[in-house]
Participant: 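Pasting a structure below so you can have a look.
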There are 2 protein chains.
Amino acid sequence: MAARIDDVARRAGVSTATVSRALRGLPSVATATRARVLQAAAELDYIASPSASSLASGHTRTVGLVTPSISRWFHGHVIEGAERTLRAAGFDVLLHALMLDASMSRAPIDPAVLRRRVDGVLVVGLPVSEEELAALDSLDVPLVFVGAGPPGRVRVHMDDVGAARMVVEELVARGHRRIGQVQGTPTHSVSWSPAVERAQGAEDGFAAAGTVIDRADRPVERGDFSVEGGRAAAARLLDRDPALTAVYAHSDEMAFGVLAELEDRGVRVPEDLSVVGIDGHDLGGLVGLATMAQDASGQGAVGASLILEMLAGADVGPDVLYPVTWVPRRSIAQAPAL
Amino acid sequence: MAARIDDVARRAGVSTATVSRALRGLPSVATATRARVLQAAAELDYIASPSASSLASGHTRTVGLVTPSISRWFHGHVIEGAERTLRAAGFDVLLHALMLDASMSRAPIDPAVLRRRVDGVLVVGLPVSEEELAALDSLDVPLVFVGAGPPGRVRVHMDDVGAARMVVEELVARGHRRIGQVQGTPTHSVSWSPAVERAQGAEDGFAAAGTVIDRADRPVERGDFSVEGGRAAAARLLDRDPALTAVYAHSDEMAFGVLAELEDRGVRVPEDLSVVGIDGHDLGGLVGLATMAQDASGQGAVGASLILEMLAGADVGPDVLYPVTWVPRRSIAQAPAL
DNA sequence: TTGTAAGCGTTATCAT
DNA sequence: ATGATAACGCTTACAA
C-alpha cells in the first residue's frame, strides 16, 4: 500500500542508500540526484517508516514530556510551549502524565515507558525523588526540567525565592503585619521544589522587612496547589487568626480558592483583607487578583529548545532563570487601620 | 548495554520466539516456561524495543491526540482523561497540537506526522475540513472525535443543541426578553461544530419559548471561544443594545470575558443583567457563573476507550451523547422590571 | 508447546 | 557521489 524506500529508489533510478541520504539532506548527494529523489518521493507520497528508521539509526525523533497534570495552568501552558517548539523542529511529543490521586501522591515515574522510546525528556513542574532521577539518568538522553529541578541540572524556572520575597515585601510596604500564607505541597519532599522555595522566599521577605513580624503573626496552612485546597486552607487560616489583614497564596489557583472562601464569609477584599498570588494565571484579571506573573509557555519553549541544543551536541548551562512581573490588581491594598 | 531478546532467550534457555510469546502473554506457552522467561527478563531488566516490535508487527501501541489547544479548559481536560485511559491500557500518547494563530486560523492537519506512527487517532474539540477528514481516513486506523465530530463518525460529545436550548429556556423562564449572545467561531465552517450547534440550540429555545422574541432583540456577536474575545463581543453587544437584560455566552471562557467587561462598565450582575455560559469550567464557581456543565475528562476517557475497543475489533456505535448538568449560580436571576 | 528462519523498512559501513 | 549489504531487534509463519 504505502510506498517504501525501494519504490522511490526504483523510480528515481538510484539505490535505497542514496534515497535515504537525499531525503535526510545529507551533504554527499549530487544536486541533480537529490532533485530526482525528491521528485520521486513526492510523486509516491513517500514517508519513511519511523519505526524502521528508529531501529536502524537508534534515534526516535521524539521527546517525552513527564508531567503531573495537563489541565492545571502551569502544566498546560508549559506543554503547549514545548509542543510547539518540538514540532517545529520535526520532533514528536510523547505525553507521560503521572496524575496525582486524591491524597496528592502519585505513581513513580516509570522509566520502562520512556526507555528506547525518546531522544530526550522534559520534566514539567514535577519534583522528582532521587530514585526517579537515577531512573531518568539511566535513559541516557538529554534531561531538562521546567518549573522545578534539582540544582546542577539543566532547568528553566522562575526565581521562586525572589518572587515570594517580593510578594511579602509588597504586603509589608502596604502596612500589613499579620499575613497568612497558603502553601503548596510538593509531591516529593525535596528542598528545591517551588512549594519549598516560595515559602523560603517569604521568610526572606519577612526577615528583610525592617519590621519584626512575630512567627505567630504569619500563620501557614497547606493548600495542595489546588483551588479547593486553597479555599480550605483559607478557612483554617481565618479560624486561627481572624485578625489577619493579608493572605499570600503560593499559587494563583490557591489564591482563587482563598478569594472564594473570603467571599463566602463576607470578608471584603481588599478593604478587610488583601490577597496576593504567584503565577499570572489567565483568569487572575477577572477576579482582580494581584500576582507575580511568570511566562509558562515561554519556559516550555525554552526547555524544549535546550533539549534540541543538547541533542545537537551543544553544552548548555545548568540554569535559565525566567523573569517575573509584578501585577498589582485590586486584591491588594493598604492594610486597614487598626 | 540494554538487554535484547536473545539475552533473555539464552538466560531462560529458550528461543527468542518463545520469549516473545511469553512476554506478550500469548496462550501457547507452558506455564513453567513462561515463568522462567519472566524471571530472566526481570533479572536483565529487559524491555522490548518499541521500534523493533512496531516494525515487525505493524502496530505502534500509540494513539495520536490531535487538538487545537492544550491550555484551554475543554482540551486540557479531555487530553487528561484520554491519556489516563490509554496509559492504563499500555498505550503511548502522541500529542499533535495545531495551534491557532492570531487570526483564529490554523495549519491543516498533517497526516504525514501520524502516518505509520499511531494505531488510532482521537480528534479533540476540533472541527475538521473534508480534506482533513479524508487525510485522517487514509491513515486507516480507528478514528474517534471528542467534542465535535462529523455526523456518522464515532464521536462522543455533549448535546450542544439541547444544552443551548435549555440555557435560553432558563433565561426566558426568568422573564428575559432581550438576550444577547456571544458566539464561538469554528476553526472550520462546518455545520456540526459546537459553535454552530450552540447557536442553533438557542434558536430552538427562542422558538419554543412561547413568547415571540424579535430577532432584533437577540443580537449576536462573535467571541472566538476566548476570554478576550468574549469581552470584546460583550462590549459590542452592549453598544448595540444597552437595554439587554441577559447574555448567553456559548462557552464559559467567553462568559468570563463578558463578566469582566460588565464589571468594567459598572453593569451589575445579575441585578442589571444575567449571564449564562456553557461548559462547567472549574473556576465558574469563583465568579458565580451559571452554566450548563459537561464532563470533559470523562469524555476524553470514553473517547480513548472507544479507540481501544475498535482496536480490539469491536463494532462501536457512532454516537455517545454525554449528559449535561444545569448549574444555576448567582449570575442568573429574574429579568429586571421594565 | 517450542524452535527455525524469513521478514519488517530503514540506516550505516565499506567499497567503488 | 553512489551502490551493496550487513546490521537494527523484534514478530510470525511454518515446521517439528
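Bear in mind that the values here come from a model prediction, so they are computed numbers and not experimental data. A, B, ... follow the sequence lines: proteins, then strands. Residue 1 opens every chain.
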Participant: Would you classify A17(A) as touching base, sugar-phosphate or nothing, given that sugar-phosphate means primed atoms plus P, OP1 and OP2, and contacts are heavy atoms under 4.0 Å?
Facilitator: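 Counting heavy atoms under 4.0 Å across all strands, the contact made by A17(A) includes a base.
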
Participant: Quick one: is R116(A) getting a side-chain N or O under 4.0 Å of the dC8(D) phosphate, OP1 or OP2?
Facilitator: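 Checking R116(A) against dC8(D): no side-chain N or O falls below 4.0 Å of OP1 or OP2.
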
Participant: Between R87(B) and D92(B), does any side-chain N to carboxylate O distance fall below 4.0 Å?
Facilitator: yes

Participant: Quickly work out the L55(A) CG to dG9(D) P distance and round it to whole Å.
Facilitator: 7 Å

Participant: Counting heavy atoms from C-beta on, name the nucleotide in dC8(D), dA1(D), dC10(D) closest to the side chain of A56(A).
Facilitator: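 Among the listed nucleotides, the one closest to the side chain of A56(A) is dC8(D).
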
Participant: Tell me the interatomic distance from R10(A), atom CZ, to dG3(D), atom P, rounded to whole angstroms.
Facilitator: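 Value for this atom pair: 14 Å.
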
Participant: Between C1' on dC8(C) and CD1 on I5(B), what's the gap in Å once rounded to a whole number?
Facilitator: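 That distance rounds to 14 Å.
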
Participant: Using a 4.0 Å heavy-atom cut-off, does S28(A) contact any base of the nucleic acid, only the sugar-phosphate backbone, or nothing at all?
Facilitator: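 Base contact.
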
Participant: I need the minimum non-hydrogen distance between L65(A) and A82(A), along with the two atoms involved.
Facilitator: CD2-CB, 4.5 Å

Participant: What is the distance from CZ of R36(B) to C1' of dT2(C), rounded to the nearest Å?
Facilitator: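 Roughly 11 Å, once rounded to whole Å.
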
Participant: Could you check how far CG of D6(A) sits from C1' of dG7(C), rounded to whole Å?
Facilitator: 13 Å

Participant: Please test D6(B) against R11(B) for salt bridge (Lys or Arg N to Asp or Glu O under 4.0 Å), starting from the C-alpha separation and ending with a verdict.
Facilitator: CA-CA 8 Å; D6(B) 42 298; R11(B) 183 164 195 123; over 6 Å; no

Participant: Closer than 4.0 Å, any side-chain N/O of T18(A) to the OP1 or OP2 of dG3(D)?
Facilitator: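 It does, given that an N or O in the side chain of T18(A) lies less than 4.0 Å from OP1 or OP2 of dG3(D).
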
Participant: For a quick test of reading the model: is some side-chain N or O of S53(B) closer than 4.0 Å to OP1 or OP2 of dC10(D)?
Facilitator: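 No.
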
Participant: Is the closest side-chain heavy-atom distance between R34(B) and L26(B) below 4.5 Å?
Facilitator: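 Not in contact.
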
Participant: If you compare every side-chain N and O of S15(A) against the phosphate oxygens of dG3(D) (OP1, OP2), does one of them come in below 4.0 Å?
Facilitator: yes

Participant: Do R61(B)'s NZ or CZ and the ring of F91(B) fall within the cation-pi criteria of under 6.0 Å and 45°?
Facilitator: yes

Participant: Between dT2(D) atom P and L23(A) atom CG, what is the distance in whole Å?
Facilitator: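 For the pair L23(A) CG and dT2(D) P, the rounded distance is 14 Å.
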
Participant: Can you tell me if the side-chain N/O atoms of S20(B) get under 4.0 Å from OP1 or OP2 in dT11(D)?
Facilitator: yes

Participant: On DNA chain C, nearest-nucleotide positions of H59(A) versus S51(A): which is more 5'?
Facilitator: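 Mapping each residue to its closest nucleotide by heavy atoms, the 5'-most match is S51(A).
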
Participant: Using whole Å, report how far CG of L26(B) lies from P of dC10(D).
Facilitator: 15 Å

Participant: dT2(C) phosphate, OP1 or OP2: any side-chain N/O from T33(B) under 4.0 angstrom?
Facilitator: yes

Participant: More 5' along DNA chain C: A52(B) or T16(B), using each one's nearest nucleotide?
Facilitator: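 Closer to the 5' end of DNA chain C: T16(B).
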
Participant: Any side-chain N or O of R24(A) below 4.0 angstrom from OP1/OP2 of dA12(C)?
Facilitator: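 So the side chain of R24(A) is within the cut-off, an N or O lying under 4.0 Å from OP1 or OP2 of dA12(C).
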
Participant: Measure from CZ on R21(A) to C1' on dA12(C) and round the result to the nearest Å.
Facilitator: 9 Å

